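Along the sequence shown, residues are numbered consecutively beginning with 1. Both ligands and their constituent atoms are indexed starting at 1 by order of listing. Everything numeric here is computed off the predicted structure, so don't read it as measured data.
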Amino acid sequence: MAEVLVLVDHTDGKLKKTSAELLTLARRVGEPSAVFLGKGVETALPVLAKYGAEKVYVVDDDSFGQFLVGPAVDALAAVVQQTSPAAVLMTTGTDAKEIAARLAVRCDGGLITDAVDVQGGGNGVLATQSVFAGNWTVQSTGTRGTTFVTVKPASVAPEAAQGAGALQPVEVQISDAAKAVQITDAQPKQSTGRPDLATAQVVVSGGRGTGGDFSTVEAFADSMKAAVGASRAAVDAGWYPHSSQVGQTGKQVSPQLYVACGISGAIQHRAGMQTSKTIVAINKDEEAPIFELVDFGVVGDLFSVLPQATEAVQKR
Ligand code: FAD
């Protein structure tokens with residue numbers, strides 16, 4: 001069975017949930033192995049093995065985090081050369097897309113971005129994408145060599161399946177070219193205490209229908225331990241930061257549950273959320289286009305519906 005590599009998302013060994021998601025998908029394609037760049041593998045190893053990693057390739061070099069993506073590309077290219085995997089899976093994000101694209105060129109392989117599902121087939125891997133603002137769902141495969149796939153966070157619920165988790169240290173000489181751009185300062189953004197929008201399991205979004213008052217949206221989101229998103233109309237009005245915008249020109253989210261509050265369902269908004277597993281909308285206009293794609297719709301005023309929903313969740 002062909003090997004499938006997963007680039008581990010972590011901070012000093014503390015894993016992000018996306019690593020377990022990618023390992024779950026990798027098991028559908030072939031024999032899953034993890035690639036761990038940096039320090040802290042001892043912390044991560046039991047969890048990686050729990051989600052099926054047979055091997056864990058480790059490249060420990062001080063340059064990760066000090067420079068832009070160059071060192072990660074050098075390290076992954078070395079592991080790919082050593083293992084000739086069918087595919088390498090990474091979590092969709094700005095860095096991952098650049099890493100995947102550079103690797104596809106360097107290793108003469110294929111590139112598929114923003115996948116929402118991955119399975120075996122084709123040239124080793126078949127990836128499902130939602131394209132053209134969500135109007136088409138396509139399946140693609142690379143045509144030669146290894147295929148590098150970025151997968152949207154929360155595309156799958158992680159499922160445990162014990163792997164061997166055998167540590168495989170890899171020696172890599174990071175090139176000077178990879179260290180061309182150094183990071184001189186990095187400030188963490190102020191935390192809202194809510195989950196990250198891109199990776200949250202539940203997202204509650206507000207639109208123009210909030211009239212600028214997001215307090216009921218936020219209260220419901222907090223009762224659900226959800227991230228808060230916003231439509232572009234709400235962002236353009238200055239009611240919510242652009243980093244929270246969901247849609248074609250904002251974040252693409254694919255949570256287990258997406259709740260749209262006072263959002264009409266324009267095509268550009270759908271492009272960012274319609275791959276969500278379950279979609280709920282609250283809108284006082286029963287003709288609103290958002291109701292065409294929802295699993296559950298509530299016709300009503302969000303300022304009346306959301307407090308009741310929040311109270312019901314809190315009682316549980
Ligand atoms: P509206 O369309 O005004 O809808 C508001 C809804 O709230 C209505 O359906 C109304 O019935 C309902 N409502 C009002 N009051 C209440 C109440 N009290 N309770 C319940 N419901 C209520 N949009 C995005 O969201 N993301 C993008 O990334 C994005 N990118 C774009 C890119 C381009 C190139 C263009 C041209 C547009 C883009 N847009 C994007 C804008 C998009 O076309 C819509 O204008 C926008 O999504 C509308 O936001 P909205 O649904 O909040 O507002």
Side-chain angles (χ1 to χ4, degrees), residues 92-94 97 113-114 116 129-137 150 152-155 189 192 194-200 202-224 226-255 257-313:
T92 287
T94 318
K97 281 187 181 172
T113 56
D114 293 329
V116 292
Q129 296 160 291
S130 173
V131 298
F132 296 138
N135 281 321
W136 287 80
T137 299
T150 76
K152 283 190 188 181
S155 289
K189 72 172 183 210
T192 58
R194 298 193 180 99
D196 175 43
L197 177 61
T199 56
V202 182
V203 173
V204 180
S205 287
R208 206 193 310 263
T210 62
D213 179 359
F214 265 64
S215 59
T216 48
V217 170
E218 289 178 337
F220 180 61
D222 290 342
S223 75
M224 297 286 288
V228 176
S231 72
R232 179 160 156 180
V235 170
D236 284 353
W239 299 339
Y240 233 66
H242 179 259
S243 55
S244 302
Q245 183 177 316
V246 173
Q248 188 179 324
T249 44
K251 296 239 165 67
Q252 311 247 317
V253 300
S254 204
L257 173 63
Y258 187 89
V259 186
C261 310
I263 293 177
S264 60
I267 187 76
Q268 296 89 354
H269 187 78
R270 292 180 188 206
M273 46 63 79
Q274 68 179 5
T275 52
S276 305
K277 306 299 168 298
T278 301
I279 299 173
V280 177
I282 303 164
N283 196 304
K284 65 181 184 187
D285 175 9
E286 63 180 31
E287 303 284 329
I290 191 86
F291 287 129
E292 290 162 15
L293 80 156
V294 297
D295 299 283
F296 302 98
V298 183
V299 179
D301 186 329
L302 67 92
F303 293 103
S304 154
V305 176
L306 280 177
Q308 294 177 57
T310 306
E311 199 185 327
V313 173

Are [X] and [Y] packed together at the side-chain level, in the sense that at least one heavy-atom pair is separated by less than 4.5 angstrom?
| X | Y | answer |
| --- | --- | --- |
| I267 | Q248 | no |
| V259 | M224 | no |
| Q268 | T249 | no |
| S243 | K251 | yes |
| P255 | V202 | no |
| S244 | V228 | no |
| V217 | L306 | yes |

Among all the protein's non-hydrogen atoms, which is closest to [atom], and how far away is it?
| atom | answer |
| --- | --- |
| atom 19 (N) of ligand 1 | L302 N, 2.9 Å |
| atom 13 (N) of ligand 1 | G209 CA, 3.6 Å |
| atom 4 (O) of ligand 1 | S264 CB, 3.3 Å |
| atom 21 (N) of ligand 1 | K284 N, 3.2 Å |
| atom 18 (N) of ligand 1 | D301 OD1, 3.1 Å |
| atom 5 (C) of ligand 1 | G262 O, 3.5 Å |
| atom 3 (O) of ligand 1 | R208 NE, 2.6 Å |
| atom 34 (C) of ligand 1 | R232 NH1, 4.2 Å |

Would you mind running through ligand 1 and noting each atom that sits below 4.0 Å from a heavy atom of [X]?
| X | result |
| --- | --- |
| T249 | 27 (C), 28 (O), 29 (C), 30 (N), 31 (C), 32 (C) |
| G247 | 26 (N), 27 (C), 28 (O) |
| S231 | 25 (O), 49 (O), 50 (P), 52 (O) |
| G250 | 28 (O) |
| Q248 | 27 (C), 28 (O) |
| G207 | 52 (O) |
| G300 | 19 (N), 20 (C) |

Option set [options], criterion heavy-atom distance to [atom], minimum:
| atom | options | answer |
| --- | --- | --- |
| atom 47 (O) of ligand 1 | S304, C261, A266 | A266 |
| atom 38 (C) of ligand 1 | Q268, Q245, K251 | Q268 |
| atom 8 (C) of ligand 1 | N283, D285, V305 | N283 |

Take atom 45 (O) of ligand 1 and look for protein heavy atoms under 4.0 Å from it; say yes if you find one, no if not. no
Please answer whether the main-chain N or O of [Y] pairs with a side-chain N or O of [X] as donor and acceptor at a distance below 3.5 Å.
| X | Y | answer |
| --- | --- | --- |
| T150 | D114 | yes |
| T210 | G212 | yes |
| R270 | G265 | yes |

Aromatic plane relationship, Y258 with H269 - under 30° parallel, 30 to 60° tilted, over 60° perpendicular: tilted
Is A230 near ligand 1, meaning one of its heavy atoms is under 4.0 Å from it? no
With a 3.5 Å cut-off and no angle check, do the side chains of T275 and S254 form a donor-acceptor pair? yes
Using a 3.5 Å cut-off on N or O atoms only, is F303 in polar contact with ligand 1? no
Relative to ligand 1, is V246 under 4.0 angstrom through side chain, backbone, both or neither, heavy atoms considered? backbone
Working for side chain to side chain contact (heavy atoms under 4.5 Å, CB included), residues L197 and V203: CA-CA 7 Å; L197 177 61; V203 173; 3.7 Å; yes
